[in-house]
Every structure is written in C-alpha cells, then in structure tokens.
Student: 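What follows is a structure written as structure tokens; I'll ask about it next.
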Amino acid sequence: MTPVTSKQYADDVSLLMVLIDTNPLFWSSTAAPLSFAKFLSQVLSFVNSILLLNQLNQVMVIATGLNSCDYIYDSSSGPTTPRFDTLLQKLEDFVVKDEELNKDDSVDGIGSSLLSGSLSMALCYIQRVFRSGSLHPQPRILCMHGSQDGSGQYVAIMNSIFSAQRSMVPIDSCVIGSQHSAFLQQASYITGGVYLKPQQPDGLFQYLTTVFATDLHSRSYLQLPKPVGVDFRASCFCHKNTIDMGYICSVCLSIFCKHHKKCSTCGSAFGQPQTNVSASNQKTKAP
C-alpha cells in the first residue's frame, strides 16, 4: 500500500489523518455509547502514542461536523504533543461555527456528518505533503465515525474512496455508533484498510492502539480484523435510498430506483424499460 517507495523516510514513518465525528445530534442521543469528553480523551491519548512511536510521525486531526469540516490540529506546525485544553477549545470553536451555518445547506437533513468533506480535506492535505518535498511519510486515514450514513453524500464519498485507492492511501474505519456504516465498509475494503466496530467502546483506547497504531509495513506481520459482510449496495440519486436493483444512466452512470423519462443529472432522455417493451411485443405476436 506504499505510494512511492523512493520518496519515503522509512517503512515505519506514518502520516495519520484522524477524522473525528463532532455531530452534536449523535453525541447527545442514546446511540452514542460513551460521552464525547471520554471519547476525545481516548483519541488524544492515541494521537500522543502515535507521535511517541517515531519522532518523524505526523498527525493531522480533522473535525467532521454537520455542515462543515476543519483542521483542528497539525503536529508539523504545533507542539509535539497536543494539549487537551487547546484541542478542546478548538473543537468548541468549530462546533459553534458549524451550528451557526444554515442547516438547510447541509448535505441531507437527517443528522449525518459531512464525511465526504473531511475525506476530501484529508486527501488534499496528503497530496500537498506528496508535493512538498523529496521525502514524505506513509499516509493513511482513520475515520472515527458515529453518525448514520447520509445517502446524499454517496457520490462524493465514492469519489474520495476511488481517489484514495488510486493514491494508494488506505482508509481505516472505527465505527462508534450502534449501526455499521456501509460507506466506511466499502472505503476500508476498496483501499485495503481496516474496518472495526468496537464491541466495548469504553475500552476505545485499547482498540486504537492494538489495531490502528501499527504502521503499514508492520501490518503484514499481524492478524488484523478482516472485512465480513461488506454492503456494496448503491444509493439512488432520486430518493437517496439504498437499493438492490435499479436503473443506470448510460451517459453519466447515475442510479435511479424507478424508471424516469429523463436523467435528472445530465438530462439524457431514457427509453422505455425492457420489461414493458417485451410485454408489448408478446401482445402483438399473440394470434
């Protein structure tokens, strides 16, 4: 999974992009298995352990809100070990700004976090690191997500997944919520990352250090969790629902759950469904 071997520091030097879910609707609901303060303290301990493993390791933390995303910590431009109070203050400022945004502009109105935006920001930062000099660490993305999947983000998230696959950047997933995330299952499977849903969220730090702290080179020697029952179903563009079978536009590859006369994405005109055509042919051939 290494991008360019000739430009790396060493096999064990990592650039870890940590995407944390700050959705207040999730953390204030019964679906959250632990408080946000306890979650953040364990994440901060994990970030410190990554930086202590190798002095060349880099960590970037991105907050994923309802309407926006933002960088809240960069180890390359700040103190070597992040302080809890400093990170908490930046998170509070981000949450306040995120709530001030018009919620009508959110991706969908069902309380899902803007995962597509944080993935795009992580990939943009990684590309900037690739172009910053002759040497760079091995990048990987860790999504710590709890909110439900937003069907309206399907296209943007899949574009980010394929971009990460092409850049050979694995996407690891740690799902905190009560339900599995089909988007993150596909992301980890396609990019060669690790997908994990902790059975005991109170011991989140132990899960993070034993599964996600290892560098890409060391993973080949470990027995990490393997994907089981990945949901590869797509979401329709008309109602944003997950479907098993549907109609695909041959021009822009948009997916619809029902037949339409015209593609809502590119405007291409559709013909009649094959089932109706075959039925009409049988009627004309009947004596």
Side-chain angles (χ1 to χ4, degrees), residues 16-47 60-73 84 87-88 90-92 94-96 98-99 101 103 106-122 141-154 156-157 160-161 171-189 193-209 211-212 225 227 229-231 235 240 242:
L16 180 61
M17 309 293 299
V18 182
L19 280 53
I20 59 175
D21 191 352
T22 62
N23 186 352
L25 298 179
F26 166 74
W27 290 109
S28 60
S29 66
T30 56
L34 70 168
S35 64
F36 182 73
K38 188 174 183 179
F39 164 78
L40 188 61
S41 64
Q42 299 193 50
V43 171
L44 184 63
S45 300
F46 169 70
V47 170
M60 168 65 75
V61 181
I62 300 177
T64 307
L66 277 172
N67 307 285
S68 62
C69 307
D70 196 9
Y71 303 103
I72 60 173
Y73 173 72
F84 181 80
L87 188 60
L88 185 60
K90 291 183 178 180
L91 273 175
E92 290 179 354
F94 168 77
V95 172
V96 171
D98 186 60
E99 291 180 348
L101 297 176
K103 294 187 177 181
S106 59
V107 177
D108 47 39
I110 59 175
S112 61
S113 299
L114 197 61
L115 179 60
S116 58
S118 58
L119 282 174
S120 300
M121 293 180 66
I141 300 174
L142 173 59
C143 298
M144 306 195 65
H145 204 64
S147 305
Q148 59 181 340
D149 292 338
S151 301
Q153 304 181 61
Y154 173 76
I157 290 179
S160 299
I161 293 174
I171 299 178
D172 298 330
S173 305
C174 182
V175 178
I176 311 299
S178 58
Q179 299 180 351
H180 285 277
S181 172
F183 289 163
L184 292 180
Q185 283 181 334
Q186 297 183 42
S188 299
Y189 181 85
V194 179
Y195 178 89
L196 177 67
K197 187 178 183 303
Q199 298 298 324
Q200 298 180 356
D202 290 336
L204 179 62
F205 177 72
Q206 285 80 0
Y207 288 101
L208 294 176
T209 53
V211 178
F212 301 108
V230 181
D231 188 358
S235 299
K240 313 302 180 184
T242 303

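Residue numbers start at 1 and run along the sequence shown.
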Student: Assess whether side-chain contact (heavy atoms from CB on, under 4.5 Å) is satisfied between Gln148 and Phe26, documenting all intermediate values.
Tutor: CA-CA 9 Å; Gln148 59 181 340; Phe26 166 74; over 6 Å; no
Student: Judged by modelled atom types alone, do Thr64 and Ser113 share a side-chain donor-acceptor pair under 3.5 Å?
Tutor: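 No.
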Student: Rounded to the nearest 0.5 Å, what separation is found between the CG atom of Leu115 and the OG atom of Ser160?
Tutor: 8.0 Å
Student: Suppose we screen for side-chain hydrogen bond (donor to acceptor under 3.5 Å, both in side chains). Which residues come up paired with Asp172, at least two apart in sequence or across chains?
Tutor: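 Testing Asp172 for side-chain hydrogen bond (donor to acceptor under 3.5 Å, both in side chains), a comparison that skips the adjacent residues, returns Arg219.
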Student: Using side-chain heavy atoms (C-beta onward) and a distance below 4.5 Å, is Leu204 in contact with Cys174?
Tutor: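 Counting from C-beta outward, Leu204 and Cys174 do come under 4.5 Å.
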Student: Short question: side chain of Lys197, backbone of Ser173 - any donor-acceptor pair under 3.5 Å?
Tutor: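 Side chain of Lys197 to backbone of Ser173, a donor-acceptor pair under 3.5 Å: no, none is there.
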Student: Can you tell me how far apart OG (Ser118) and OH (Tyr71) are? Round to the nearest 0.5 Å.
Tutor: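 The OH atom of Tyr71 is 10.0 Å from OG of Ser118, to the nearest 0.5 Å.
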Student: Please report the shortest heavy-atom distance between Leu142 and Phe212, naming the atom on each side.
Tutor: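 The answer is CD1-CD2, 3.8 Å.
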Student: Hey, could you give me the CD1/OG distance between Ile62 and Ser120, rounded to the nearest 0.5 Å?
Tutor: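 Separation between the atoms: 9.5 Å.
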Student: Ser28 and Leu25: which non-hydrogen atoms are nearest, and at how many Å?
Tutor: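 Ser28 and Leu25 have their closest heavy atoms at OG-O, 3.5 Å.
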Student: Does Tyr195 use its side chain to pair, donor to acceptor, with the backbone of Val175 at less than 3.5 Å?
Tutor: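 Side chain of Tyr195 to backbone of Val175, a donor-acceptor pair under 3.5 Å: no, none is there.
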Student: Which distance, rounded to the nearest 0.5 Å, do you find between the OG of Ser188 and the CG of Leu196?
Tutor: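 It comes to 9.5 Å.
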Student: Looking at Gln42 and Gly203, what are the two nearest heavy atoms and their distance?
Tutor: OE1-C, 3.9 Å
Student: Taking the six-membered ring for Trp, are Phe39 and Trp27 parallel (under 30°), tilted (30 to 60°) or perpendicular (over 60°)?
Tutor: tilted
Student: Run Leu119 and Ile171 through side-chain contact (heavy atoms from CB on, under 4.5 Å) and show every step you take.
Tutor: CA-CA 9 Å; Leu119 282 174; Ile171 299 178; 4.3 Å; yes
Student: Give the C-alpha distance, both sets of side-chain angles, the deciding distance and a yes or no for side-chain contact (heavy atoms from CB on, under 4.5 Å) between Leu88 and Leu44.
Tutor: CA-CA 10 Å; Leu88 185 60; Leu44 184 63; over 6 Å; no
Student: Nearest 0.5 Å, what's the NE2-OG distance between His145 and Ser112?
Tutor: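 The OG atom of Ser112 is 7.0 Å from NE2 of His145, to the nearest 0.5 Å.
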Student: Are Met144 and Leu208 packed together at the side-chain level, in the sense that at least one heavy-atom pair is separated by less than 4.5 angstrom?
Tutor: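 Yes - at least one pair of side-chain heavy atoms lies under 4.5 Å apart.
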Student: Got a sec, which residues hit side chain to side chain contact (heavy atoms under 4.5 Å, CB included) with Ala63, two or more places apart in sequence or on another chain?
Tutor: Thr22, Ile72, Leu91, Phe94
Student: Which heavy-atom pair separates Asn23 from Asp21 by the least distance, and what is that distance?
Tutor: N-OD1, 3.0 Å
Student: Keeping Thr209 on the side-chain end and Gln206 on the backbone end, is there a donor-acceptor pair under 3.5 Å?
Tutor: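 Yes, Thr209 side chain to Gln206 backbone: donor-acceptor pair under 3.5 Å.
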Student: Which heavy atom of Lys38 sits nearest to which heavy atom of Asp202, and what is that distance?
Tutor: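 That closest heavy-atom pairing would be NZ-OD1, 3.7 Å.
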Student: Are Asp70 and Asp98 close enough, and set up right, to give a side-chain contact (heavy atoms from CB on, under 4.5 Å), and what steps lead you there?
Tutor: CA-CA 10 Å; Asp70 196 9; Asp98 186 60; over 6 Å; no
Student: Might you confirm whether atom CD of Gln179 has over 12 heavy atoms from other residues, nucleotides or ligands at distances under 6.0 Å?
Tutor: no
Student: CD1 of Ile20 to SG of Cys69: how many Å apart, nearest 0.5 Å?
Tutor: 11.0 Å
